[in-house]
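Contents: one structure, followed by commentary.
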Amino acid sequence: MASYVPYSSPPVRLPSLNKTKELAQRIGIDLSQDEVAEYRDLMKDIIGCYNEIEKLPEITLPVKYPRLPGYRPTAEENPLNAWYWKTDIKGASEGLLQGKRIAMKDTIAVSGVPMMGGSWVMEGYVPEFDATVVTRVLDAGGTVAGKAVCEDWCVSGVSYMAAKGPTLNPCVNTHSAGGSSSGCAVLVAKGEVDMAIGGDQGGSIRLPASCCGIVGLKPTHGLVPYTGAQAMEPTNDHLGPMTRSVKDCALLLEAIAGYDDGLDQRQNPTIVGEKYSDSLECENLKNITIGLLEEGFMQEDKDFTVNSIVKSAVSEMSTLLLAKIVDVSVPLHNQGKNIRWCMAHQGISDTMLRGGCVGSGHKGFYSTSMMDAVGRGLQSQPDDLSPAVKRVWMLGEYMKHEYRGRFYGKAQNLRRLLTAEYDKVFKKVDIIAMPTIPFKTPKLPAKNTSVSALLKEAGRNLANTSPFNATGHPALTINAGFIDGLPVGMMLVGRMFDEKTLLKVAYAYEQLQQYTVFP
């Protein structure tokens, strides 16, 4: 007698006849009713493959340290709206980051802790794994203090697109804190944490760091593993340190940099981290040449006071530290923002939205729980996306389907040309300098501001930062002065994987300063 097997619902169902016809029509195939039935029947065996692999245990990222889930702070505890979630996850008993409290941008998975990526669409998702940078921070003795608010799926360079409301500038509360890693910058600036790890696809570490007067580093593309963070466009994605000092920036980079055993498609096996904190001290910069990038000071929205502050900062490095200063030009820099946008629209659509913040076509780690959460959220509540995300998604879909992705491909090819143009300059100089943001930090918009006005401001400040997301060069912002109480950032850009020189120059400049942004 055959053994009794009870019914169980299959993970993947065979599509109905109507669904099969709909699938064919969606990709432009015209099937007769007989053909619909035949193709549906042909799917049966393949559907069985999916149901079989669902029975197998899945490999995920490790969770090495115990923790409680933490809590959502009250408005009284969170006056600038910089925290999304507070935790107190202790790491190793000793290490490079012993005694340091670190916040994670709310696009970086922390096991057992809610994660919404700034968007109503993902609210309620709780990852079951730690992103690699989280594990590395804990292994180095750091404490994960919580998750910092970010803009809705990071598609904004300001701080008013987050689902939980605007994040306020810690210097002048009526102004933008910059974005999209807005909460990270505010928490660091106010001293609520010692360090934070932000994400940067168009300037999202450097823009808020500039607006809040702290140090923010977008490392060389691939130096810091992106494993376990919400992906937007893999060729633009970066994670990096946000700190109050250059030394802390070097320490955090030292803890999180390095190859991730093939789990991150952005890395190659030759990538290694270095002892960045050991190379900061120097008597002067007489062996360093700094190039003032002409185009970086001539943006359409330039503010001459901002330019003056940044040029004065560079001049101090010449007068007091003996650095050589020269003028340099990269005309294609003016097209860098356009190149990066043409990569980003379709890349974000394919990877972040259609690809569940993970994408496809690589051999790295896939967070299937995140893919599920993103997919369910987008299917059920796409209207809850911010205006910025809606625009990016519609444009990405339009360019892919109407223009067959050709402009995405052309932008990726132009990225190589832009990289080569900067590298030509780096044969003559060690560092390229320019304003991080060409103009003064803007006010937060009024409640009834039009969508058009909101979106114009949300992407206006990317002109100098986003080209280096396209190329992958390391770029650091450090405070150079103030206008009306608001910090002005100076951006220093270095050769690929030469973070040591970049940090050394930033550290030398920092030692000249007699003020602190926040006493």
Side-chain angles (χ1 to χ4, degrees), residues 203 206 215 217-223 238 246 250 270 274 276 279-299 302 306-340 413-438 463-478 480 489-512:
R206 293 158 289 158
V215 178
L217 171 64
K218 180 199 77 64
T220 304
H221 185 255
L223 178 61
H238 302 72
V246 176
T270 63
E274 298 186 67
Y276 303 104
S279 304
L280 298 177
E281 300 283 351
C282 61
E283 290 185 11
N284 55 54
L285 297 177
K286 66 180 181 180
N287 294 321
I288 297 294
T289 300
I290 300 173
L292 290 168
L293 184 67
E294 177 184 338
E295 291 77 12
F297 290 88
M298 297 300 292
Q299 298 292 351
K302 63 184 176 294
V306 169
N307 282 353
S308 177
I309 288 172
V310 173
K311 286 184 177 179
S312 293
V314 175
S315 179
E316 285 184 22
M317 288 191 275
S318 173
T319 304
L320 301 177
L321 294 172
L322 307 180
K324 182 180 179 182
I325 311 301
V326 299
D327 293 323
V328 297
S329 176
V330 178
L332 198 58
H333 178 80
N334 290 329
Q335 293 289 348
K337 180 174 72 171
N338 297 332
I339 291 170
R340 181 261 171 191
N413 290 333
L414 289 172
R415 169 186 57 80
R416 296 181 6 243
L417 179 60
L418 181 62
T419 302
E421 291 300 302
Y422 291 127
D423 286 344
K424 286 179 186 176
V425 172
F426 280 121
K427 292 179 180 178
K428 306 172 185 176
V429 304
D430 301 290
I431 298 291
I432 296 173
M434 69 200 81
T436 308
I437 302 172
N464 279 344
T465 56
S466 60
F468 301 103
N469 290 87
T471 66
H473 289 91
L476 176 150
T477 186
I478 187 170
M490 170 175 62
M491 187 165 70
L492 305 174
V493 184
R495 298 183 183 95
M496 297 286 196
F497 296 103
D498 191 13
E499 274 77 3
K500 277 190 173 181
T501 299
L502 187 59
L503 289 162
K504 181 171 73 173
V505 171
Y507 182 78
Y509 171 74
E510 184 180 61
Q511 302 314 297
L512 297 178

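Being a predicted model, the structure only gives us computed values, none of them experimental.
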Measure the CG-CE distance between Asp423 and Met496 for me, rounded to the nearest 0.5 Å.
-> 6.0 Å
Can you spot which of Val246, Ile431, Ile478, Leu476 makes a side chain to side chain contact (heavy atoms under 4.5 Å, CB included) with Val505?
-> Ile431
If you measure from CG on Leu417 to CZ on Arg415, what distance do you get to the nearest 0.5 Å?
-> 11.0 Å
Do any pairs count as a salt bridge (Lys or Arg N to Asp or Glu O under 4.0 Å) and have a residue in residues 493-506, sequence neighbours left out, and if so which ones?
-> Glu274-Lys500, Asp430-Arg495, Arg495-Asp498
Quick one: ring-ring contact (aromatic ring centres under 6.0 Å, His included) partners of Phe297, sequence neighbours excluded?
-> none
Check side-chain hydrogen bond (donor to acceptor under 3.5 Å, both in side chains) between Asn413 and all other residues, then give those that pass, not counting sequence neighbours.
-> Arg416
For Thr436, what residues pass the side-chain hydrogen bond (donor to acceptor under 3.5 Å, both in side chains) criterion, not counting sequence neighbours?
-> Thr477
Are Val493 and Met434 side-chain neighbours, meaning at least one heavy-atom pair lies under 4.5 Å?
-> yes
Under the salt bridge (charged side-chain N to carboxylate O under 4.0 Å, His left out) rule, collect the residues that match up with Glu421, sequence neighbours excluded.
-> Lys424
By ring-ring contact (aromatic ring centres under 6.0 Å, His included), His473 pairs with (sequence neighbours left out) Tyr422, Phe426
Here the pair of heavy atoms bringing Pro435 nearest to Val306 is CB-CG1, 3.9 Å
Supply the atom-to-atom distance Asn338 CG to Leu332 CG, rounded to the nearest 0.5 angstrom.
-> 10.0 Å
Return a table of donor-acceptor pairs under 3.5 angstrom between the side chains of residues 280-290 and protein atoms on other chains or two or more places apart.
from: Glu281; atom 1: OE2; to: Tyr507; atom 2: OH; distance (Å): 3.0
from: Asn284; atom 1: OD1; to: Lys286; atom 2: N; distance (Å): 3.1

Residue pair Gln335 / Leu414, side-chain heavy-atom distance below 4.5 Å = no
Please name all residues satisfying side chain to side chain contact (heavy atoms under 4.5 Å, CB included) with Ser466, sequence neighbours left out, ordered by chain then number.
-> Lys337, Arg340, Leu462
Which side-chain N or O atoms in residues 308-320 pair as donor and acceptor under 3.5 Å with protein atoms at least two apart or in another chain?
from: Ser312; atom 1: OG; to: Ser308; atom 2: O; distance (Å): 2.9
from: Ser318; atom 1: OG; to: Ala323; atom 2: O; distance (Å): 3.4
from: Thr319; atom 1: OG1; to: Ser315; atom 2: O; distance (Å): 3.1

Does any N or O in the side chain of Arg206 come within less than 3.5 Å of the main-chain N or O of Met491, such that one atom is a donor and the other an acceptor?
-> no
Using the test side-chain hydrogen bond (donor to acceptor under 3.5 Å, both in side chains), find all partners of Asn334 that sit at least two apart in sequence or belong to another chain.
-> none
Got a sec, which residues hit salt bridge (charged side-chain N to carboxylate O under 4.0 Å, His left out) with Lys324, two or more places apart in sequence or on another chain?
-> none
Enter the distance from His333:NE2 to Phe468:CZ here, rounded to the nearest 0.5 Å.
-> 5.5 Å
So do the side chains of Leu217 and Leu502 get within less than 4.5 Å of each other, counting heavy atoms only?
-> yes
